[in-house]
Amino acid sequence: MILSFAWTTPQYQSGKKKCTRRMWSDDYLALWQKAWDEGRLVHDAYDRLPRIGGQRIGKFRLTCRPYRERLADMPEEDIGLEGGLWASKEEFIELFGGPELMPAVIRFEQTE
């Protein structure tokens, strides 16, 4: 499986990005949860989707089972783990679309 880091490629490559939030369908989130449950923890990171010419920029290992979390409940320290592009949790939430959204949360570490 792959994740595209199109907006945050430099932060991923520098090792600053260790968490990402995605507005995935329940079915797509279930695929990632199944991968975790089956021990398939290492996945490919791309600079954008392969179907539009993206290139693999590394591999990462899931560090916990992907889950949903309301943006209002996001830990403050996740701003840094998301790559440090936002000045505050409030700014991140506003740009993402609001505090009541419940994106999938994917926590990871780079393996190469």
Is a side-chain donor or acceptor of Arg68 paired with a backbone partner of Met102 at a separation under 3.5 angstrom? yes
Check whether any side-chain N or O of Lys59 sits under 3.5 Å from a backbone N or O of Val42 as a donor-acceptor pair, and report yes or no. no
When you group the ILVMFWY residues by side-chain heavy-atom contacts below 4.5 Å and let the links chain together, are [Y] and [X] in the same group?
X: Phe96; Y: Phe5; answer: no
X: Tyr28; Y: Leu41; answer: yes
X: Leu29; Y: Ile106; answer: yes
X: Met1; Y: Trp36; answer: yes
X: Trp86; Y: Leu81; answer: no

What is the minimum heavy-atom distance between Leu71 and Gly98, and which atoms define it? CD1-O, 3.2 Å
Which atom of Gln11 lies closest to which atom of Gly83, heavy atoms considered: CG-O, 3.4 Å
Classify the ring geometry between Phe60 and Trp32 as parallel (under 30°), tilted (30 to 60°) or perpendicular (over 60°). parallel
Is any side-chain heavy atom of Met74 closer than 4.5 Å to one of Ile79? yes
For the residue pair Ile57 and Gln13, establish whether any side-chain heavy-atom pair is separated by less than 4.5 Å. yes
Got a sec: does the CD of Glu91 have more than 12 other heavy atoms crowding it under 6.0 Å? yes
Ionic contact status for Lys89 with Glu76, cut-off 4.0 Å: no
Please round to the nearest 0.5 Å and tell me the distance separating atom [atom1] of [X] and atom [atom2] of [Y].
X: Leu62; Y: Leu3; atom1: CG; atom2: CG; result: 8.0 Å
X: Glu109; Y: Arg61; atom1: CD; atom2: CZ; result: 5.5 Å
X: Cys19; Y: Arg107; atom1: SG; atom2: CZ; result: 4.0 Å
X: Leu49; Y: Ile2; atom1: CG; atom2: CD1; result: 6.0 Å

Non-neighbouring partners of Gln110 that pass side-chain contact (heavy atoms from CB on, under 4.5 Å), sequence neighbours left out: Tyr12
Salt bridge (charged side-chain N to carboxylate O under 4.0 Å, His left out): which pairs involve residues 2-25, sequence neighbours left out? Lys17-Glu82, Arg21-Glu69, Arg21-Asp78, Arg21-Glu82
